[in-house]
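Everything below concerns the one structure shown next.
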Amino acid sequence: MAGVVPGLSPMEVDAVPNGAPAPSNGHYDSDDDDAPLVFKRHTPASPQLLKPPVQNVPQIASGGHVSAQSGVTGVSASKEESDSDDDVPLVQRREILQEAEHKPSPIAVQKKPALPAKEKQLGGEKNVVKKRPADAQKTQAPPSKKAKPEPRASSSDEDDDRPLSAVKASVKKTSAKVEGKKKVKVEQVKKPVKKEAPAKAKAPERKKAPKDGDENGTVKWTTLEHNGVIFPPPYQPHGVKMLYDGKPVQLTPEQEEVATFFAVMKDTDWAQKKTFVTNFWHDWSKLLGKKHVIQKLGPCDFTPIYEWHLQEKERKKSMTSEEKKRLKEEKLKAEEKYMFALVDGVKEQVGNFRVEPPGLFRGRGEHPKMGKVKKRIVPEDITLNIGKDAPIPECPVPGHKWGEIRHDPTVTWLAFWHDPISPKDFKYVFLAPSSSWKGQSDMEKYEKARKLKDYIGAIRDQYNRDLTSKNTENKQIAVAVYLIDVLALRAGNEKDEDEADTVGCCSLKIQHVKQIPPTSLEFDFLGKDSIRYFNTVQVNHLVYEAIGSFKKGKKFDDDLFDTLNTTKVNTHLKGLMPGLTAKVFRTYNASYTLDKLLVDTDGTTVLEKIASYQKANKEVAILCNHQRSVSKAHEGQMEKLSLKLKEAEEELGFLKEDLARARKGKPPKKRPGEDKEKKVQQPDAVQRQIEKKELQLRKIAHEMAQKDDLKTVALGTSKINYMDPRISVAWCKKHEVPIEKIFNKSLLNKFTWALEVEPEYRF
DNA sequence: ACAGAGACTTGAGCCAATGTCG
DNA sequence: CGACATTGGCTCAAGTCTCTGT
């Protein structure tokens with residue numbers, strides 16, 4: 001997985017006279033903290049909208065690669081027009097886009113949405129319908145003096161915006177929490193540090209500090225019911241004996257379990273890594289004990305267990321579909337009650353209600369802990385968070401009990417346990433992405449990114465100015481923010497020794513950035529998930545020089561930004577826009593790019609429109625460096641395609657010959673291997689065949705190009721996390737593309753809040 | 001200011017289910 | 001219909017960022 005990002009071209013950065021950030025013409029309400037963003041929960045899309053998405057749409061648009069040209073500067077705005085016709089490299093394009101004036105979005109004020117009551121019923125027993133209290137929403141960032149929000153519709157108006165049904169529902173249910181509404185301050189949900197449990201990793205108990213005055217917003221729920229979590233079944237010993245020095249060895253079930261974890265990973269990459277094997281041996285030998293026959297890993301032969309495992313796999317695969325179905329139903333039945341929670345009376349789906357099973361830790365990259373035994377979690381390890389008045393779920397493991405029960409309405413987790421691999425870390429159980437909580441915060445995320453539009457000009461002006469600052473820290477911040485903005489780098493927090501050695505912007509080391517004269521930088525480092533970021537970019541010469549000055553006198557392994565960390569950068573950013581942090585730039589630039597690249601597609605077919613959407617999506621994925629590893633089958637598949645291509649070409653050649661002969665009244669020549677004589681053909685019939693073949697040829701060629709092009713690019717991540725779904729929804733509406741062609745079922749579920757946007761919506 | 005706890009978002013990979021094609 | 005390709009859902013690791021106590 002090498003860097004997929006071929007030379008992106010520079011963003012032109014001319015120092016521009018500063019100006020106050022153009023306050024939007026008030027189309028934004030988010031600065032008005034009296035009018036918190038409100039999450040709109042929509043009724044589910046109508047059933048016919050939920051048909052399974054069509055797959056495998058052939059892409060027909062003419063493909064254009066992001067070309068690696070560089071050095072183009074001073075692109076004039078007029079160039080923007082040609083934009084749709086790609087060959088304009090991404091960054092250059094962004095440059096153009098960024099220069100362009102942001103137009104006020106026509107749909108200025110987000111209307112207060114309705115919260116149609118959801119049906120609720122937890123575990124199938126209750127049946128209460130309540131409306132979510134209007135104020136469960138978080139307060140927005142403090143008002144900025146700059147943006148002058150247009151007066152919103154009067155507040156009463158807002159309230160009346162809800163669909164009748166929602167209003168009715170709320171009335172009918174006399175929710176006790178109506179008054180809980182407006183900013184209830186949580187009085188500390190107190191958790192006296194209990195006197196000493198063995199100072200095992202401490203449990204979370206921090207309270208939020210209500211900040212001066214108006215803050216709060218910290219209460220996330222008033223009532224919360226759920227059934228806890230489900231545990232993996234206990235280990236079933238298989239009794240297959242591994243060999244030591246060629247002789248079968250007796251293992252206890254615990255020892256056998258861990259041996260099996262290892263055995264079944266034989267053909268993974270992990271099994272080839274020294275760290276993995278060493279860590280495994282370290283933990284397993286402890287379990288075996290000093291006096292065990294097995295004294296070393298070398299003589300261990302796990303093959304019998306591995307083979308047993310393959311057999312099991314085979315057995316499962318060969319089950320009849322009835323058996324499979326039955327098993328599935330049984331599983332569903334056992335899990336059903338864990339799948340939902342009741343939040344303020346609303347039934348919501350729980351995300352990860354299954355406790356993680358034991359196994360060997362599969363850290364990514366060169367994680368120092370890979371191969372360690374991840375021990376089984378028992379109920380005593382679990383802390384549940386649940387309403388005070390809610391029944392405490394029965395512990396599903398006989399003879400055990402929950403570790404702790406909390407009633408903390410300031411958080412959204414339903415349960416947590418400590419990560420057995422890194423006990424200071426937590427594993428949480430949260431609601432699913434389709435839930436109100438997640439939807440609300442998702443929407444807030446995009447609104448914050450949109451707000452950045454109003455500030456981005458001034459922010460860019462400022463960092464451009466600070467590139468020449470005499471103050472090193474300011475200069476470093478300027479460069480860092482430049483990189484975060486232009487290259488969409490992550491913030492780059494410091495990491496512990498016992499984690500994989502990866503970096504982001506603030507943690508870049510000297511070795512990761514090379515200067516390529518005259519003004520290019522080559523980045524080569526491992527980022528999140530140890531995915532390589534490899535990219536050469538032409539940058540503003542001031543940035544180039546600044547990097548040179550930061551590198552001066554430092555060693556390979558030293559920090560590039562020695563005066564920075566993410567806190568400093570984020571503190572700085574907050575001074576420029578309320579709530580601004582490094583990650584907002586990724587969201588902003590991703591959404592902004594999508595919005596700009598989704599060009600008008602009038603007059604094209606739906607298939608072509610979808611292809612153009614995917615093209616835009618791809619640009620965003622490249623910007624964010626969302627990669628995937630090339631599938632094992634890729635090469636074979638490409639070969640097959642090129643074979644097909646060759647055949648088609650050959651046939652085309654024959655057809656052309658046929659045509660010439662047909663014109664002379666001669667019959668087609670026999671193809672190699674054919675023996676039947678052929679009849680004379682009409683020239684125009686042959687001509688039609690030729691055209692058909694040519695079309696097929698182009699299609700195959702395009703398919704190949706596309707496939708190869710996308711082999712290392714993952715489109716999904718940006719769709720799920722970075723591109724404002726309202727952009728996609730609006731585009732679909734405007735261009736009459738069924739939304740299901742763009743969002744699959746789970747995305748539609750996750751984005752219910754975005755589905756009713758107007759076709760005119762722009763990011 | 002700083003370190004660490006805590007909470008929440010983002011991310012790639014896996015695999016069974018589903019779709020497509022010859 | 002079977003072989004293969006693609007996808008969707010899930011899993012769990014790995015980030016970001018906030019808040020607290022000192």
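Each chain gets a letter, A, B and so on, in the order its sequence line appears, and its residues count up from 1.
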Under 4.0 Å: is that the gap between some side-chain N or O of [X] and OP1 or OP2 of [N]?
X	N	result
A/K369	C/dA13	no
A/T717	B/dA12	yes
A/Y428	B/dA7	yes
A/K220	B/dC8	yes
A/Y722	B/dG11	yes
A/K374	C/dA13	yes
A/K644	B/dC21	no
A/N744	C/dG8	yes
A/T412	B/dA7	no

Less than 3.5 Å apart, any donor N or O on the side chain of [X] or [Y] sitting next to an acceptor on the other?
X	Y	answer
A/N749	A/Q349	no
A/S507	A/K495	no
A/D498	A/H367	no
A/Y306	A/D267	yes

Checklist entry - C/dA3 C1' sits how many Å from A/Q637 CD, rounded? => result 12 Å

Item to check | Spacing of A/D425 atom CG relative to B/dC8 atom P, expressed in whole Å | outcome: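 One finds 15 Å between P of B/dC8 and CG of A/D425, rounded.
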
Item to check | Residue pairs involving residues 714-725 of chain A (criterion salt bridge (charged side-chain N to carboxylate O under 4.0 Å, His left out); sequence neighbours excluded) | outcome: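 Output for this query lists A/D724-A/R726.
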
Next on the checklist: I'd like to know if the side chain of A/R586 reaches the main chain of A/A488, judged simply by a donor and an acceptor atom lying under 3.5 Å from each other, with no hydrogens or angles considered.
Outcome noted: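 A pair under 3.5 Å: yes.
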
Checklist entry - Could A/K438 and A/F430 be counted as a cation-pi pair, given that NZ or CZ must be under 6.0 Å from the ring centre and within 45° of the axis? => result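 Yes, cation above the ring, under 6.0 Å and within 45°.
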
Next on the checklist: Taking the nucleotide of DNA chain B with the nearest heavy atom to each, does A/T587 or A/K568 sit closer to the 5' end?
Outcome noted: A/K568

Next on the checklist: If you assign A/K324 and A/W270 each to the DNA chain B nucleotide with the nearest heavy atom, which residue ends up on the more 5' nucleotide?
Outcome noted: A/W270

Can you pull every protein N or O that's under 3.5 Å from an N or O on nucleotides 14-16 of chain C?
unit_1	atom_1	unit_2	atom_2	d
C/dA14	OP1	A/R364	N	2.7
C/dA14	OP2	A/H367	NE2	3.4
C/dA14	O4'	A/D529	OD1	3.4
C/dG15	OP1	A/T502	OG1	2.9
C/dG15	OP1	A/D529	N	3.0
C/dG15	OP2	A/K495	NZ	2.2
C/dT16	OP1	A/A491	N	3.3
C/dT16	OP1	A/G492	N	2.7
C/dT16	OP2	A/N493	N	3.0
C/dT16	OP2	A/N493	ND2	3.0

